[in-house]
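All figures in this text were calculated on a predicted structure; none of them were measured in a lab. Every chain is numbered from 1, with letters handed out A, B, ... down the list of sequences.
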Amino acid sequence: DANFIQNYYASSRLHHLSTFKIELQNYVIELRRQRGLTSESTGSARASGRRCIMYVDFDCFFVAVGLRSRPDLRGKPVAVSHCQNPSEASSSDIASCNYEARAAGVSNGMVVGRARQLCPNLIVIPYEFEQYREASRTLYQILVATTPQVQVGGMDEAILDVTNLINDQSADKGAQTKGVSRESVCAKMAESLRQQVWEATQCQVSVGISENILLAKLATRWAKPHGQYYLPIEDAPTRLAPLPVKHIPGIGETTARKLADAGITTIRDLRNQPLARLQDMLGPKAGLNIQRMALGQDDRPLVTSPPRHSVGTEIGWGVRFETPAQVDKFLRDLCQEVHTRMATASVRGKSVTLRLKRRQEGAGEARKHLGHGLCDNFSKSATLPQLTREADALYQTCSRLLGQLAVPPVDLRAVGIQVQKL
DNA sequence: ATCCTCCCCTAC
DNA sequence: TAAGGTAGGGGAGGAT
Ligand SMILES: Nc1ccn([C@H]2C[C@H](O)[C@@H](COP(=O)(O)OP(=O)(O)OP(=O)(O)O)O2)c(=O)n1
Ligand SMILES: [Mg+2]
């Protein structure tokens, strides 16, 4: 099908999630430039001691945007998904659900069929990607107008370093005790941001506030929905101790299970482990990082203009081929897509990786309609003849890699390419 | 030690 | 029907 890739991307939420993030990073740089703030000192460069970090995150973002034009649905359980029928067997993903739906056990990423079992009166509304894009951009306009020290966390979340702003305002107020003053000045600033975002977007954000990125992010959990929460760093040991390890950013499903197998389930457990044991399980750097986080320690500065290290594209849905010629055509189209993105970003690369998924021996049809199902992954990289972004050069090299990986077209379930060494 | 390739994992 | 992408951190194991 000639326009498969374009049509697919037009409907893929995960594609939009990823590409909006890149676009927002560039947008923030542009907003800073417009305000003549490019070379502003860092948010905490002047300060030697305590930082003040704010984590700003829209509440059930896609649903909140969708409900603006559907006020009659407020108060009812609502989810955003492609699902068009009332089936309890739908394998369509829920991108976002509101708090009414969550009360029934529904969560983001769940398939609609399962969600309907938990919440039979769940209402499904469609995606509105352009509206999400607009709301995100409005959020970032407001944030950059407050401080240039903004890190893009994603389409619906951002991190601010307001240390210098807070210190200046605390100093202006003169005599007040430092600790109390800082907290109240932070709280006022967060109130103001939430109000501005609400007025400009008719969507709510929550704000977590603390002294580093980790604690500010964890604080947003207590801030939601549509609230704010200041987590004093002194309280961190007590507040973090009982939380499941999965709350630490970087610990996902797989790592949490691995830790559970070793009897480690809470952040307290993580903190009490000998460092060497965590490092044996997770590796030297990961073990150290995770134990530091368990202690509430995080000295990472904001990254306000992250350098780009790779440009890639991958499709793992609807991939069902019969002939090598079909695979070849698909690969050509992917190379063209990457070429276009590299041109937009004004980058060229010296190395390319081909990534494939191959249907596992004996795996039946995927649980998800036209999904990749159970697969084995393969990747192979090669150096490009020169620093390039030309679609044809990418294709020549990828085509060779495809031959080397030798996956029968019928067994292919995903194809992707990624260019690096930019 | 440090690099390289081929992975796995994570977050939105 | 359904739209399971994307970039970065980092580990294992081998080469230098
Ligand atoms: N599995 C997921 C998770 C998220 N998203 C999209 C839809 C979300 O609205 C948006 C932001 O993700 P969040 O994790 O911030 O979730 P929400 O904003 O929906 O809820 P909240 O932040 O209130 O917990 O990303 C998605 O498509 N699929
Ligand atoms: Mg959110």
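Within the nucleic acid shown, F20(A) has no heavy atom closer than 4.0 Å to any nucleic acid atom. Using a 4.0 Å heavy-atom criterion, one finds that S90(A) contacts the sugar-phosphate atoms exclusively. If you check every strand for non-hydrogen atoms under 4.0 Å, G312(A) touches sugar and phosphate atoms only. Looking at heavy-atom distances under 4.0 Å, H15(A) makes contact with sugar-phosphate atoms alone, never a base. Counting any heavy atom pair closer than 4.0 Å across all strands shown, A414(A) reaches no nucleic acid atom. If you check every strand for non-hydrogen atoms under 4.0 Å, K421(A) touches sugar and phosphate atoms only. Contact annotation for D93(A): backbone-only contact, meaning every heavy-atom pair under 4.0 Å involves sugar-phosphate atoms and none involves a base. Across all strands shown, S87(A) has no heavy atoms under 4.0 Å from either base or sugar-phosphate atoms. No engagement by G416(A) is indicated, since no non-hydrogen atom pair under 4.0 Å with the nucleic acid exists. Residue T19(A) is out of contact with every strand shown, counting any heavy-atom pair closer than 4.0 Å. At the heavy-atom level, K217(A) lies under 4.0 Å from the strands shown only through sugar-phosphate atoms. Contact annotation for G316(A): base contact, defined as any heavy-atom pair under 4.0 Å involving a base atom.
Counting only heavy atoms from C-beta on, H372(A) has its side chain closest to dG4(C) among dG11(C), dG4(C), dC7(B). Among dC12(B), dA7(C), dC9(B), the nucleotide with an atom closest to any side-chain atom of I22(A) is dA7(C). The side chain of N289(A) approaches dG10(C) more closely than any other nucleotide in the set dG10(C), dC12(B), dT6(C). Checked against dA2(C), dT10(B), dA7(C), the side chain of E253(A) finds its nearest nucleotide in dT10(B). Side-chain proximity of L17(A) to dT1(C), dA7(C), dC12(B): nearest is dC12(B). Among the nucleotides dG4(C), dA7(C), dT10(B), the one closest to any side-chain atom of T255(A) is dT10(B). Nearest nucleotide to the Q418(A) side chain, out of dC12(B), dA7(C), dT10(B): dA7(C). Among dG4(C), dA2(C), dG10(C), the nucleotide with an atom closest to any side-chain atom of N85(A) is dA2(C).
Residue-to-nucleotide proximity on DNA chain C shows that, of R13(A) and H309(A), the 5′-proximal contact is made by R13(A). Summary of the strand contacts: R341(A) and N7(A) both lie near DNA chain C, and taking for each the nucleotide with the nearest heavy atom, the more 5' one is attributed to N7(A).
Counting to the nearest Å, the P atom of dG8(C) and the CD atom of Q420(A) are 10 Å from each other. Going from atom CG of L278(A) over to atom C1' of dG11(C) covers 16 Å, rounded to whole Å. L374(A) places its CG atom 18 Å from the P atom of dG4(C), with the value rounded to the nearest Å. Following rounding to the nearest Å, E365(A) (CD) and dG4(C) (P) show an atom-to-atom distance of 17 Å. Rounding to whole angstrom units, CG of residue L24(A) and P of dA7(C) are separated by 14 Å. Taking atom CG on L354(A) and atom C1' on dC6(B), their separation rounds to 13 Å, with Å as the unit. As rounded to whole Å, 18 Å separates atom P of dT10(B) from atom CG of N108(A). With rounding to whole Å, K258(A) atom NZ is found 11 Å from dA12(C) atom C1'.
Seen from the ring of W317(A), R413(A) does not count as a face-on cation partner, given the 6.0 Å and 45° thresholds.
Y127(A) has no side-chain polar atom (N or O) that falls below the 4.0 Å cut-off from OP1 or OP2 of dA2(C). Contact annotation: K380(A) side-chain N/O to dC6(B) OP1/OP2 distance is under 4.0 Å. Here S12(A) reaches the OP1 or OP2 of dG4(C): one of its side-chain N or O atoms lies under 4.0 Å away. Side-chain nitrogen and oxygen atoms of T254(A) include at least one within less than 4.0 Å of the OP1 or OP2 phosphate oxygen of dT10(B). Between dT1(C) and K368(A), no contact under 4.0 Å exists linking OP1 or OP2 to a side-chain N or O. Between S379(A) and dT5(B) there is no side-chain polar atom (N or O) within less than 4.0 angstrom of OP1 or OP2. Neither OP1 nor OP2 of dC4(B) sits under 4.0 Å from any side-chain N or O of S381(A). Considering only side-chain N and O atoms, T313(A) lies under 4.0 angstrom from the phosphate OP1 or OP2 of dT6(C).
An aromatic stacking contact between H82(A) and the base of dA3(C) is absent, as defined here by ring centres under 5.5 Å apart and ring planes under 30° from parallel.
Defined by atom type and a distance below 3.5 Å, a donor-acceptor pair is missing between the side-chain atoms of D235(A) and T238(A). Using modelled atom types, one finds a donor on one side chain and an acceptor on the other under 3.5 Å when comparing S81(A) with S92(A).
Here the rule is salt bridge (charged side-chain N to carboxylate O under 4.0 Å, His left out) with E157(A), and of K21(A), K217(A), K224(A) only K217(A) fits it.
Ring centers of F20(A) and Y132(A): at least 6.0 Å apart, outside the cut-off.
With both ends at atom C1', the span from dC9(B) to dG4(C) equals 16 Å, rounded to whole Å.
Taking a cutoff of 4.0 Å between a charged side-chain nitrogen and a carboxylate oxygen, E23(A) and R133(A) qualify as a salt bridge. Electrostatic pairing of R359(A) and D376(A) does not count as a salt bridge here, judged by no charged N lying under 4.0 Å from a carboxylate O. Contact check on R355(A) versus E314(A) returns a salt bridge, with a Lys/Arg side-chain nitrogen under 4.0 Å from an Asp/Glu carboxylate oxygen.
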